[in-house]
Amino acid sequence: MAEIENRRPLKTRSKPWAQALAKFLAVRKVKPNHISAAGLVFALLGGACLLGAGRWAMFYIVAAACVQLRLLCNLMDGLVAVEGGLKSHYGDLFNEVPDRVADAVLLVCAGHASGDSELGWCCAALAIFTAYARVFGGSLGLKQDFRGPMAKQQRMFTLTVACVAAAVDAFAGWGVRFMTIALWIIALGSALTGALRIIRIAKGTLVKQ
């Protein structure tokens, strides 16, 4: 039986710039686990910027950049590990655990930045639930379900847009609570995503029987 591939489907992997950067890192023997750890560092820095954004609005822009750099690390660790042939015995741990911490840190800190810390914690819990549903499906022998509508890429895109919008709002004085709106979108979308993944798991297990 062919092995089920459990990689997040990303069109970006085939982009020339992504392949070139992955090759650059692989040739220099940069370990995928170190890239995963760097992604967590960017998430922690982004979270710190969100906590400080109330004092200096430009921290929102830095936070947005950190979110995107975190995603870049997530892309590169897999490319270097698989296409670069540098996968390690602990690669799966480094691929999953820092991601869950990064999600929680960014969303919880975004909640504090919005003035609604409970909403941030709710988003973090729901993001972890969507990941749990995906991995649980894999543990049952099903192909891991990376679909949205609010998977990691969509969560981080929404958060990035919110950071940029919040920075602009701080200078323009519109008074729109962009971060709160974004977190509600993430919370509701993540709840729907988790529910859909559980439903697909139930259907998948019935097909296997």
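- The CG atom of L69 sits 6.5 Å away from atom SG of C73, with the distance rounded to the nearest 0.5 Å.
- No side-chain heavy atom of V80 sits under 4.5 Å from any side-chain heavy atom of V30.
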Side-chain donor/acceptor pairs under 3.5 Å, residues 36-64, sequence neighbours excluded:
residue: S36; atom: OG; partner: P32; partner atom: O; Å: 3.2
residue: S36; atom: OG; partner: D77; partner atom: OD2; Å: 2.7

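- Here L196 contributes atom CG and R147 contributes atom CZ; the two are 9.0 Å apart, rounded to the nearest 0.5 Å.
- Summarising the geometry, atom CG belonging to L183 is positioned 7.0 Å from atom CG belonging to L159; distances are rounded to the nearest 0.5 Å.
- Side-chain contact check for L126 versus T130: every heavy-atom pair is 4.5 Å or farther apart.
- Evaluation of the ring-ring contact (aromatic ring centres under 6.0 Å, His included) rule for F24 yields no partner, not counting sequence neighbours.
- In the hydrophobic clustering of this structure, L10 groups with L25; members are Ile, Leu, Val, Met, Phe, Trp, Tyr whose side-chain heavy atoms approach within less than 4.5 Å, directly or through other members.
- Listed by first and then second residue, the ring-ring contact (aromatic ring centres under 6.0 Å, His included) pairs that reach into residues 148-195 come to none, sequence neighbours excluded.
- One finds the CZ atom of R200 at 12.5 Å from the NZ atom of K143 (value rounded to the nearest 0.5 Å).
- In this structure, the separation between CE on M76 and OG1 on T12 is 9.0 Å, given to the nearest 0.5 Å.
- Hydrophobic cluster membership differs between I185 and V161, with clusters built from Ile, Leu, Val, Met, Phe, Trp and Tyr side chains linked at under 4.5 angstrom.
- Within the structure, the side chain to side chain donor-acceptor pair (under 3.5 Å) test picks out the following pairs touching residues 91-110 (sequence neighbours left out): R70-D99, R70-D103, N74-D99, E96-R100, E96-R134, D99-K152, D103-R155.
- Transitive grouping of hydrophobic side chains (ILVMFWY, heavy atoms separated by less than 4.5 Å) brings L140 and I198 into a common cluster.
- Considering every non-hydrogen atom in both L79 and A18, the closest pair reads CD1-O, 3.9 Å.
- Side chain to side chain, Q68 and T160 meet the donor-acceptor criterion of an N or O pair below 3.5 Å.
- Panel note: side chain Q144, backbone G137; no donor-acceptor pair is recorded below 3.5 Å.
- When hydrophobic clusters are built by joining Ile, Leu, Val, Met, Phe, Trp and Tyr residues whose side-chain heavy atoms come closer than 4.5 Å, directly or via intermediates, L72 is grouped together with I35.
- Sorted by first and then second residue, the side chain to side chain donor-acceptor pair (under 3.5 Å) pairs involving residues 187-198 (not counting sequence neighbours) form an empty list.
- The NZ atom of K15 sits 11.5 Å away from the CD atom of Q19 when rounded to the nearest 0.5 Å.
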Check: residues 117-125 side-chain donor-acceptor pairs under 3.5 Å, at least two apart:
none

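- Put simply, L71 and W17 are part of two different groups of oily side chains (I, L, V, M, F, W, Y) that touch within less than 4.5 Å, one to the next.
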Original post:
R177 and D169: side chain to side chain contact (heavy atoms under 4.5 Å, CB included), yes or no, with the steps?
Top reply: CA-CA 9 Å; R177 299 186 65 183; D169 178 52; over 6 Å; no
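- At least one side-chain heavy atom of T158 sits less than 4.5 Å from a side-chain heavy atom of M150.
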**OP:** Report the C-alpha distance between D145 and I201 in whole Å, list the side-chain angles of each, state the deciding distance to 0.1 Å, and finish with yes or no for side chain to side chain contact (heavy atoms under 4.5 Å, CB included).
**Re:** CA-CA 9 Å; D145 188 354; I201 289 171; over 6 Å; no
